[in-house]
Amino acid sequence: EVQLQASGGGLVQPGGSLRLSCVVSGLNFDDYAIVWFRQAPGKEREGVSCIGRTPSPDTYYADSVKGRFTMSSDSAKNTVYLQMNSLRPEDTAVYYCGAGLLYGTSWYMEYEYDYWGQGTQVTVSS
């Protein structure tokens, strides 16, 4: 059974930082692209960042988070991380991690991913 377990969300003040984790089990970690999406209240789910699968593990970011968020992976732990700095109120959302084969470069499209975690809430507020 494939499982993705996201954690690390919480309440943080504007300008603060959080690190999200996603532990993946039940699939060959290096064969899958892992993505972070987020969904704010009343809005559609949007792609935040993605690490492609080997042998070309490029990292992609949404324009809204470039320079503030950094995605990384630890194959030994089957875990990806999303380091979020300089957080803004508009970053408030439920953050989901997903896994898929991602044959192309449309990493920001939900249909590219077959498996999803349960989400972790990030709230940026003073």
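Because the structure is predicted, anything quoted here is derived from the model rather than measured. Count residues from 1 along the sequence.
Contact annotation: the side chain of Q83 never approaches that of S72 to less than 4.5 Å [non-hydrogen atoms, C-beta and beyond]. Taking the side chain as every heavy atom from C-beta outward, V35 and Y96 never approach each other to under 4.5 Å. For the pair L11 and S125, the minimum side-chain heavy-atom distance is below 4.5 Å. The closest side-chain heavy-atom distance from T59 to S49 is below 4.5 Å.
Linking Ile, Leu, Val, Met, Phe, Trp and Tyr residues whenever their side-chain heavy atoms come within less than 4.5 Å places V80 and V2 in a single cluster. The same ILVMFWY cluster, assembled from side-chain heavy atoms under 4.5 Å apart, contains both V24 and L101. When the side chains of ILVMFWY residues are joined at heavy-atom separations under 4.5 Å, either directly or via intervening members, L87 and Y81 end up in two distinct hydrophobic clusters.
Taking the six-membered ring where tryptophan is involved, the planes of W107 and Y60 are essentially parallel, since the angle between them stays under 30° and well short of 60°.
Note that OG of S75 and CZ of F29 are 5.0 Å apart. Values are rounded to the nearest 0.5 Å. Distance CZ/R19 to OG/S7: 9.0 Å, rounded to 0.5 Å. To the nearest 0.5 angstrom, K43 atom NZ is 10.0 Å from T92 atom OG1. Here Q5 contributes atom CD and S21 contributes atom OG; the two are 10.5 Å apart, rounded to the nearest 0.5 Å. Of the inter-residue distances, the one linking D91 atom CG with N85 atom CG reads 10.5 Å to the nearest 0.5 angstrom. To the nearest 0.5 angstrom, E44 atom CD is 8.5 Å from Q39 atom CD.
Heavy atoms only, all atoms of each residue included: R38 and A93 are closest at CB-CB, 3.8 Å. Scanning all heavy atoms of the two residues, the minimum distance from G100 to Y113 falls at N-CD2, 3.6 Å. Of all non-hydrogen atoms in V124 and R88, the two that sit nearest each other are CB-O, 3.2 Å. Heavy atoms only, all atoms of each residue included: G9 and V122 are closest at CA-CG2, 4.1 Å. Counting all heavy atoms, side chain and backbone alike, L102 lies closest to C50 at CD2-SG, 3.8 Å. Considering every non-hydrogen atom in both S86 and R68, the closest pair reads O-NH1, 3.0 Å.
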Quiz item: So R53 and Y32, side chain to side chain donor-acceptor pair (under 3.5 Å) or not? Walk me through it.
Solution: CA-CA 5 Å; R53 58 195 178 102; Y32 283 78; over 6 Å; no
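The backbone N or O of V23 sits nowhere less than 3.5 Å from a side-chain atom of T79 that would complete a donor-acceptor pair.
Tested against M71 for a side-chain contact (heavy atoms from CB on, under 4.5 Å), the candidates I34, V48, L20 yield a single pass: I34.
Residues F37 and W116 bring their aromatic ring centres within 6.0 Å.
Listed by chain and number, the residues in a salt bridge (Lys or Arg N to Asp or Glu O under 4.0 Å) with K66 are D63 (sequence neighbours excluded).
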